[in-house]
Amino acid sequence: MCESTALILTGGGARAAYQVGVLQAVRELWGDRPGNPFPILCGTSAGAINAVTLAVFAEDYGNAVDRLSAIWGNFHASQVYRSDGASVARSAAVWASMLAMGWFLRRGPHSLLDNTPLRELLDAHLDYAAIGRAIEAGVLRAVSVTCSGYASGESLSFFQAHPSVQPWRRATRIGVATRITTDHLLASSAIPFVFPAVKIHREFFGDGSLRQLAPISPAVQMGAERILVVGVGSLKHESRRVRSDHYPSLAQIAGHAMSSIFIDGLAVDLERADAINRTLTQIPEPIRRSPGFAHRTIETLVIEPSERLDFIAARHFKALPRAIRVMLRGVGAGGRSGSTVLSYLLFEKPYTEDLIHLGYRDAMARRAELAAFLRGEDSNLQADTQKNNLSCSV
């Protein structure tokens, strides 16, 4: 185990099932070696839930992956949000009333869906005290959960870590030491309008992907020098220009906004990291190794879906509860053009199983590179891989 090795799991609602497949491949390549392959864990949105689960079970990486696989491989929407007909109808009625008589209502609805079941699921499966025990045992250095402050507009990373990791403040992004709880996970995964914001201390927070201009930053601030990034979308696949003669549906517009939130920031930050690495290599090594030189190169390996997850989601639309299908059809999410929104909300076994299998296949297709990364090898192959991934992502 290298203390400077980090894992970054990005946001994306139900798309985060893809990450579980990659983690399964890592477990297979890691083998029976003791310890935790990722002492530094960073998560955003649904990726934060996966990252914190790994932190809770950091003393047994295989067990952590088994638990994630069991949940994601058998998911139902009712475990994340209330999907029964009465709840959906009540939500629709409240939103309709707001649009029709907003001047009369004292308080509008907080969100489209009620994610109380997700809170219950997290409380039942995660012993947050285990994070502190893992840090004391030396199998975990740090874990962070990134949220977006609605009042401040700042990207705030709540982290629990070894005492040597200090809080940080950069332009529009802050690191705050705390004890991770369910509130942090619900706040980080609160997709705007879809799930309610969560109040932590004196501010309401929403999905961590909002205004997260530097997704790699929390890992670097906590000491990472080698980072495995598992994304849940790729601009190479999702930014294709096509002819359209029809006005975009609400679902299509919302899907475009979600892709901008969940995908664009990572691609830009990886490109920035690559540029900084190239600049640092031009500086003589004696200067780079001098005590006063604060910058360092960051090695990254990026694994992203080889297929469009929204197209996979479109194939499984009927797996959703009937009430949710009716609601989504109403905003145009029943067809392929609106399937991007669907890909974030389809917490159903047929879809999440497909994503897990895809994540495993994509990771094993890069078996040699991934195995070298886990062994801590700094090879030319990895450098070439990083460049290839960056060129594909921007």
Side-chain angles (χ1 to χ4, degrees), residues 1 5-28 30 35-76 79-80 115 117-135 137 139-147 157-161 178-190 198 207-209 218-219 222 228-232 303 347 349 352-353 355-356 359-360 363:
M1 177 184 72
T5 300
L7 173 68
I8 295 179
L9 300 176
T10 62
R15 288 180 172 220
Y18 174 86
Q19 298 168 348
V20 178
V22 176
L23 296 175
Q24 289 177 348
V26 169
R27 178 184 58 186
E28 185 172 322
W30 182 254
N36 172 23
F38 305 110
I40 300 173
L41 296 163
C42 303
T44 303
S45 193
I49 295 175
N50 289 341
V52 169
T53 301
L54 293 177
V56 167
F57 298 99
E59 298 194 50
D60 189 342
Y61 177 76
N63 182 34
V65 175
D66 284 341
R67 289 174 179 269
L68 284 171
S69 300
I71 292 175
W72 282 100
N74 296 280
F75 240 140
H76 295 289
Q79 294 174 279
V80 180
N115 64 346
L118 179 58
R119 176 181 288 276
E120 295 169 352
L121 179 71
L122 295 174
D123 285 341
H125 286 86
L126 296 179
D127 174 16
Y128 298 99
I131 296 176
R133 295 195 295 269
I135 293 172
V139 296
L140 181 68
R141 175 174 171 79
V143 57
S144 73
V145 174
T146 298
C147 308
S157 294
F158 294 99
F159 71 89
Q160 190 168 343
T178 189
R179 290 186 180 276
I180 301 298
T181 67
T182 294
D183 280 346
H184 298 103
L185 298 183
L186 291 178
S188 184
S189 57
V198 178
D207 198 291
S209 297
M222 294 189 297
L228 174 64
V229 182
V230 184
V232 293
I303 297 179
F347 292 92
K349 179 177 179 177
T352 56
E353 272 193 331
L355 297 199
I356 291 173
Y360 178 82

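Basis for what follows: all heavy atoms, side chains included, without hydrogens, waters or symmetry-related copies. Please read all numbers here as calculations on a predicted model, not as lab measurements.
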- prompt: Please walk me through it: do T44 and T10 pass side chain to side chain donor-acceptor pair (under 3.5 Å)?
  reply: CA-CA 5 Å; T44 303; T10 62; over 6 Å; no
query: Do I303 and Y18 pass the side-chain contact (heavy atoms from CB on, under 4.5 Å) test, and can you show the C-alpha distance, the side-chain angles, and the key distance before you say yes or no?
result: CA-CA 10 Å; I303 297 179; Y18 174 86; 3.6 Å; yes
side-chain contact (heavy atoms from CB on, under 4.5 Å) evaluation trace for V52 with I131: CA-CA 8 Å; V52 169; I131 296 176; 4.1 Å; yes
message: Applying side-chain contact (heavy atoms from CB on, under 4.5 Å) to D183 and R119, what does each step give before you reach the verdict?
response: CA-CA 8 Å; D183 280 346; R119 176 181 288 276; 2.8 Å; yes
message: Assess the residue pair L23 and W72 against the criterion (side-chain contact (heavy atoms from CB on, under 4.5 Å)); give the C-alpha distance rounded to whole Å, side-chain angles, the decisive distance to 0.1 Å, and a yes or no.
response: CA-CA 12 Å; L23 296 175; W72 282 100; over 6 Å; no
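Interatomic distance, T178 OG1 to H184 NE2, rounded to the nearest 0.5 Å: 4.0 Å. L68 CG to F57 CZ: the interatomic distance, rounded to the nearest 0.5 Å, is 8.5 Å. The distance from the CD1 atom of I8 to the OG1 atom of T146 is 9.0 Å, given to the nearest 0.5 Å. Note that CE of M222 is 7.5 Å distant from OG of S157, once rounded to the nearest 0.5 Å. Atom CG of L121 and atom CG of N115 lie 11.5 Å apart (nearest 0.5 Å). Residue T53 holds its OG1 atom at 4.5 Å from CG of L126, rounded to the nearest 0.5 Å.
Among all heavy-atom pairs drawn from L54 and A64, the shortest one is CD2-CB, 3.8 Å. The nearest pair of heavy atoms linking S144 to F159 is CB-CB, 3.9 Å. Across A25 and A363, no two heavy atoms sit closer than the pair CB-CB, 3.4 Å. For G73 against E353, the heavy-atom pair with the smallest separation is O-CG, 3.6 Å. Across all their heavy atoms, A187 and C147 have their closest contact at CB-SG, 3.9 Å. Across all non-hydrogen atoms, the minimal contact from V232 to Q19 is CG1-NE2, 3.7 Å.
Between L9 and F38 there is no side-chain heavy-atom pair separated by less than 4.5 Å. Looking at heavy atoms from C-beta onward, P37 lies in side-chain contact with Y61 at the 4.5 angstrom threshold.
No donor-acceptor distance shorter than 3.5 angstrom exists from the side chain of S45 to the backbone of S209, with no hydrogens or angles considered. Using a distance-only test at 3.5 Å, with no hydrogens or angles considered, a donor-acceptor pair links the side chain of N36 to the main chain of V139.
Exactly one residue among L122, V145, L118, V80 makes a side-chain contact (heavy atoms from CB on, under 4.5 Å) with S189. That residue is L118.
Residue R133 places its CZ atom among more than 12 non-hydrogen atoms of other residues, nucleotides or ligands, all under 6.0 Å distant.
Residues Y360 and E28 have side chains that bring a donor and an acceptor to within less than 3.5 angstrom of each other.
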